[in-house]
Amino acid sequence: MGLGVRWTLHGDGRTPAPGAVVRPDERLSWPRTAGLGAQHVVAMFGASFVAPVLMGLDPNLAIMMSGVATILFLLATRGRVPSYLGCSLSFVGVAAIIRAQGGGSAAVTGAIFAVGAALFLSGLAVRKFGAGIIHAAMPPVVTGAVVMLIGFNLAPVTARTYWPQDQWTALLTMLVTGLCVVCLRGFWSRVAIFLGLLFGYGISWVFDRAFGKIHSVHGGPEAVDHWRLDLSGVAKADWLGLPTLHGPTFSWSAILVALPVVIALIAENAGHVKAVGEMTGDPLDDQLGTAISADGAATMISTAVGGPANTTYSENIGVMAATRVYSTAAYWAAAGFALLFGVCPKFGAVVAAVPGGVLGGITVILYGMIGLLGAQIWVHNKVDLRNPLNLVPVAAGIIIGIGGVSLKISNNFELSGIALGTIVVLSGYHVLRALAPAHLKEQEPLLDAGTSGYDAAAEQEATRRDT
């Protein structure tokens, strides 16, 4: 398959043969492949466009760099691992903390660049030493706790920033999004976030027409009169143009806040590789290190020009499972569509105009799903929280991470929130394990080779995000 750009035609090129799947090195007819690519773009739309808005980054640049990241990933894995790399929601809390400390977009992207570098090096280590290095450093009890505190740390962002802008729109958007996730089937359930966004846009427009301007907080601490849905920026935006690029800046305080997210990204990549291998019948454990490094490199390239981090998307696993088409040709098509959207400023202006109340309703569900994914990791791997070796570091780390507990090191430097919580969980587990009596160590984590405790079912069902 070379670099993943040559494919053989599957059957008649129309539909998969009965009981068969379209493998990564196969394709359907080009019109159908292009249609599947568009479907993948729609599937990742909700989370991948909400993420940069929540982080204060350019949506146009984010979607364009997701296309670049996807192409890089397909080339690096030589077309064996079909995947779309969309914007990671794991950094939303990190961005909020950095901005609260006075950092701007350059500081946010600089911190995420450092995480991308760490992820790249982690992938190289996995390629050299095997997946066992992940299991030894980050057993499921640790991985689950870090994912949980990253998700739940975001709760104040929803409660203090988005929900107060329009509580009734937020409530209705939350209810409709939840109904879409639970009640719809197949492809429609996988684009529930997108459907929630559409509903929120519509109901905000209706409320503006029916009740006029709303008096609430809007981009500041003081309540002001404003329209729920302000599309003035859309009218002014051009149809064609390149996004604004900017370089990152680096500070140790911002980097330390962001570094713990590397644990979640490793888990996401490991789960994706395992899931695709199981669904296609082609074990991909040998590609785990390459996939992790490719994700890290893609994140570094994106943040170097002002874009967000990228990660493998579970929504697109769902599309593949539903269509039985695992062709990497469809992902090349999706990347092409993403690049086209990225050079349409008017499209980015529509995304940037998402009302705060709509984001409040969506993030209540989205952030909670991210946090509860940590619990799913524990359940899947039979983590025993009755064992104090597991319970103590997890309990302490999660409360620190969610509550924003801080530890002042000097006048100019302190650890808090996600960073401090992760350090407590990770170091606390390994230190306590080294000192604990033998009977507390008898139950070892149950992990298959090539996984990290982040299984396919958990990823597909619990995120449906970005997510």
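Position 1 is the first residue of the sequence; numbering continues from there.
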Spatial distance of atom [atom1] ([X]) from atom [atom2] ([Y]) [nearest 0.5 Å]:
{"X": "Y162", "Y": "L54", "atom1": "OH", "atom2": "CG", "value": "4.0 Å"}
{"X": "M65", "Y": "T299", "atom1": "CE", "atom2": "OG1", "value": "10.0 Å"}
{"X": "T311", "Y": "I266", "atom1": "OG1", "atom2": "CD1", "value": "11.0 Å"}
{"X": "L288", "Y": "T77", "atom1": "CG", "atom2": "OG1", "value": "12.0 Å"}
{"X": "I362", "Y": "L197", "atom1": "CD1", "atom2": "CG", "value": "3.5 Å"}
{"X": "L432", "Y": "L440", "atom1": "CG", "atom2": "CG", "value": "10.0 Å"}

- So which of L74, D286, T290, T328 actually passes side-chain contact (heavy atoms from CB on, under 4.5 Å) with R80?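 Answer after filtering L74, D286, T290, T328: D286.
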- Query: Which of these passes side-chain contact (heavy atoms from CB on, under 4.5 Å) with T173: L175, T169, V176, L171?
  - Reply: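 Single pass found, and it is T169.
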Is any side-chain heavy atom of [Y] closer than 4.5 Å to one of [X]?
{"X": "P355", "Y": "W227", "result": "no"}
{"X": "V394", "Y": "V141", "result": "yes"}
{"X": "S302", "Y": "V68", "result": "no"}
{"X": "V364", "Y": "W163", "result": "yes"}
{"X": "F91", "Y": "T303", "result": "no"}
{"X": "I112", "Y": "P308", "result": "no"}
{"X": "P139", "Y": "Y429", "result": "yes"}
{"X": "L265", "Y": "S88", "result": "yes"}

- Which one of Q165, H226, Q167 satisfies the side-chain hydrogen bond (donor to acceptor under 3.5 Å, both in side chains) criterion with S216?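 Of the listed options, the one satisfying the test is H226.
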- Task: Evaluate side chain to side chain contact (heavy atoms under 4.5 Å, CB included) for I203 paired with W168, printing each intermediate quantity in order.
- Result: CA-CA 10 Å; I203 199 65; W168 296 112; over 6 Å; no
- Item | Test log, rule side chain to side chain donor-acceptor pair (under 3.5 Å), inputs S105 and R99 | CA-CA 8 Å; S105 294; R99 290 185 183 279; 2.8 Å; yes
- Query: Between the main-chain N or O of N60 and the side-chain N or O of D58, is there a donor-acceptor pair closer than 3.5 Å?
  - Reply: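 Yes, D58 side chain to N60 backbone: donor-acceptor pair under 3.5 Å.
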Which atom names give the shortest non-hydrogen contact between [X] and [Y], and what distance separates them?
{"X": "T143", "Y": "I263", "result": "CA-CG2, 4.3 Å"}
{"X": "A335", "Y": "G67", "result": "CB-O, 3.6 Å"}
{"X": "Y331", "Y": "T70", "result": "O-CG2, 4.0 Å"}
{"X": "L57", "Y": "T109", "result": "CD2-CG2, 4.2 Å"}
{"X": "S204", "Y": "L229", "result": "CB-CB, 4.2 Å"}
{"X": "T363", "Y": "T158", "result": "OG1-OG1, 2.8 Å"}

- Item | Criterion side chain to side chain contact (heavy atoms under 4.5 Å, CB included) on F152 and I398, from CA distance to verdict | CA-CA 9 Å; F152 291 163; I398 286 179; 5.6 Å; no
- Message: Whether the T312 and S83 side chains hold a donor-acceptor pair (N or O, under 3.5 Å, no angle test) is what I'd like checked.
- Response: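 The criterion, which ignores hydrogens and geometry beyond distance, is not satisfied for S83 and T312.
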- What class does the angle between the rings of F250 and F113 fall in, given that below 30° is parallel, 30 to 60° is tilted and above 60° is perpendicular?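 Perpendicular.
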